[in-house]
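Everything on this sheet refers to the single structure shown next.
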Amino acid sequence: MLATVFTKATRDRWLGVAIGAGLLALWMLMAMAVYRDIDLSLYTNLPEAIRGVMGIPDGADVATLAYSVLFGFAGSLTLAGLAVSMGTGSIAGEERNGTLGLLLGNPKSRTYVLVSKAASMVLLTVLGSLVVWGAGLATPAILSVDIGNSHVGAFALHMMVNALFYGFLAMAVGAWTGNASLSSGISAGVMVISYFAVGLLPLVQGLEDLVKVFPWYYFDGSQPLVNGVSWGHMAVLVGGIVFFAAAALVGVNRRDLRNNVSRVTVLDRLRANPTTQKIVERLAGSARVSRISIKTASDHQGLLIIVAYVMFLVMGLLLGPMYNAIDDVLADFSASMPDNLLAMFGGGDISTPEGWYQIETFSLMVPIAIIVVTVVIGARAVAGEEARRTMDLLLANPVSRAKIVLEKAAAMIVHAAVVGFATFAGVALGSVISGLGMDTGNIAAASLLGTLLGLVFGALSLVLSAATGRVRLAVYATIGVALTFYLVNSLLQLSERLAGWAKWSPNYYYLTSDPLVNGMHWGHAAVLAALVAGLILLAIPLFQRRDVRG
């Protein structure tokens, strides 16, 4: 038995940080090896404004380019995502699992628990950043690449503080609400919107200074890789961290803790309403576990609502008017961008509405949004029941293990379909109100392919959940695999010698056929659908052969 909350939290979370930092080290090795073999003029000859949007400094060499593209995107998002996970789990996660009451049953105050969790998050984030820093120094030495005057340590420091900003934001939201889905959803939403705003707003004349409103600007707006540490920008992020930490402390001490057992879902509220009672009871079945899929879907309704709303409004509807506002800038942007460089971001002519939406919405945001929803459901489908000690109760009913897996998978598919439809509706409506003339069927094709890609990784998390019974392992390993496949598909297509290997990535079967222009590629859809079905079916025997963890 571990002596302190700090050591317990550190033990529970170290594996995810180790996996994330280790993958970043491997990605850096792969990225720098690829960039070493291509013509860097693809990047260095781009206009200054475009290089600024992409985070590529003037005169970038192989090392600087690899650092900017990999650490500035995948590295920063990975570390920040890990911190958000730890911040969410600190209070809201314990309440969700019904363990915070047991924890506070010991002679430990709420303040002690929160401070211990925060200290663990800081320690693990620092250690992860040190691994990234070490990889940033070791990789060029292994590949005999000169890093010049690159400030790798300064970049790693900015990444660490940026990650802690979002981690403490998640902790504060969780401490005030006790809702893990709301905590992770708000923090991830702020992070993603901030990331895209800092990239897009400089393209709009008169809105350049608005980027200072978004926290992501204080991560890389000063180009720490080239200019070193910006202590002013660091002070802004640290000030946010202190504010969120204080807010979390106040929130957890003033609020009644939520009891996971007495949680009221949307279905419960609809049952209590005489108008909807009969309809809902027919959908939900009896009080026994006859509809595991409906219960699972209801348990994750908060996350679904947040993600679907962001995809419909921000990444769908609002991008149509934004395209009309900057179409002249995008035409110049497109003329300066090489085709194989655009392929790294999903391909397409960004001066057209289809290319604009493909690069801004479908290339990254659609897979990320659906993967977030499906991985959460898939990882908790089996392992979550075991972690909450409810699997024995579930299996005591006349329901087979195969049915549990299939019904959990059905809920995952429904949630993915809702996010996919929200994306389709937002993009289609954005096209209509902005007069962009995009083909509705092609929008549906891209949305469906994105949904299938997200389900591939959701099904993988279900397999890992069924095979191991461990939620964190299923989540971290799946996200690591998803990011690896994304980078494999993106980076290998830059090299003529290695481009053929990209077909081993599921991401290749998503946007390679340019569905927003050419419509559905049914062969690619069949490959993704087969992967989803195969992984779900694989989860059944893996769960059946394993003893349930008590």
Side-chain angles (χ1 to χ4, degrees), residues 5 9 12-13 16 77 79-100 103-104 110-111 113-122 124-125 161-195 197 213-216 218-219 236-260 263-266 299-311 313-314 368-369 372-373 375-376 380 471-472 475:
V5 176
D12 289 344
R13 296 288 180 173
L77 290 179
L79 284 181
L82 289 168
V84 166
S85 175
M86 290 185 280
T88 297
S90 59
I91 298 297
E94 296 281 1
E95 292 186 70
R96 178 193 60 210
N97 296 333
T99 54
L100 188 56
L103 185 60
L104 293 174
R110 295 186 182 193
T111 298
V113 171
L114 184 71
V115 170
S116 297
K117 296 274 192 174
S120 174
M121 178 174 68
V122 171
L124 291 174
T125 303
V161 177
N162 180 65
L164 288 174
F165 177 91
Y166 295 103
F168 276 96
L169 171 60
M171 181 179 287
V173 175
W176 275 88
T177 66
N179 189 319
S181 296
L182 194 63
S183 173
S184 58
I186 289 177
S187 304
V190 170
M191 178 172 62
V192 171
I193 291 173
S194 178
Y195 171 82
V213 174
F214 298 91
W216 201 268
Y218 299 95
F219 158 52
V236 172
L237 292 177
V238 170
I241 291 171
V242 172
F243 173 79
F244 293 139
L249 191 62
V250 173
V252 76
N253 279 298
R254 69 174 296 277
R255 181 176 57 83
D256 292 335
L257 299 179
R258 298 171 68 242
N259 186 337
N260 189 57
R263 181 180 177 189
V264 179
T265 67
V266 167
D299 285 343
H300 298 91
Q301 61 198 9
L303 178 62
L304 174 66
I305 291 171
I306 292 172
V307 173
Y309 178 80
V310 169
M311 295 307 298
L313 180 63
V314 179
I368 288 174
V372 165
V373 172
V375 167
V376 167
R380 293 177 183 166
V471 176
R472 293 190 183 96
V475 170

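Fair warning: this is a prediction, and the values are worked out from it, not measured in the lab.
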Chi angles and distances behind the side chain to side chain contact (heavy atoms under 4.5 Å, CB included) call for Leu124, Ser120 = CA-CA 6 Å; Leu124 291 174; Ser120 174; 4.0 Å; yes
Could you walk me through whether Leu249 and Leu114 pass the side chain to side chain contact (heavy atoms under 4.5 Å, CB included) check?
-> CA-CA 7 Å; Leu249 191 62; Leu114 184 71; 3.8 Å; yes
I would like to know whether Trp216 and Tyr166 meet side chain to side chain contact (heavy atoms under 4.5 Å, CB included); could you show each step before the answer?
-> CA-CA 10 Å; Trp216 201 268; Tyr166 295 103; 3.6 Å; yes
Glu94/Val113 under side chain to side chain contact (heavy atoms under 4.5 Å, CB included): CA gap, chis, key distance, verdict | CA-CA 11 Å; Glu94 296 281 1; Val113 171; over 6 Å; no
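Residue Val372 comes nearest to Val376 through the heavy atom pair O-CG2, 3.1 Å, listed as atom of the first residue, atom of the second, then distance. Residue Asn162 comes nearest to Ala80 through the heavy atom pair ND2-CB, 4.5 Å, listed as atom of the first residue, atom of the second, then distance. What you find for Ala83 and Thr125 is that their closest heavy atoms are CB-OG1, 4.3 Å. Considering every non-hydrogen atom in both Ala175 and Ala248, the closest pair reads CB-O, 3.4 Å. Annotation for Met171 and Lys117: closest pair CE-C, 4.3 Å, computed over non-hydrogen atoms. Nearest approach of Ser183 to Val173, heavy atoms of both residues: CA-CG1, 3.6 Å.
With no hydrogens or angles considered, no side-chain donor-acceptor pair links Ser184 and Thr88 at under 3.5 Å. If you check the side chains of Arg472 and Ser85, you find no donor sitting under 3.5 Å from an acceptor.
The line from OH of Tyr218 to CG of Leu237 is 8.5 Å long, rounded to the nearest 0.5 Å. A distance of 4.0 Å separates CG in Leu182 from CD1 in Ile186, rounded to the nearest 0.5 Å.
You'll find the side chain of Phe165 stays beyond 4.5 Å of the side chain of Met191, heavy atoms only. Looking only at side-chain heavy atoms (C-beta outward), Phe214 and Val190 stay at 4.5 Å or farther from each other. The shortest side-chain heavy-atom distance between Arg110 and Ile91 does not fall under the 4.5 Å cut-off.
With sequence neighbours excluded, the residues forming a side-chain contact (heavy atoms from CB on, under 4.5 Å) with Val238 are Val161, Val242, listed by chain and number.
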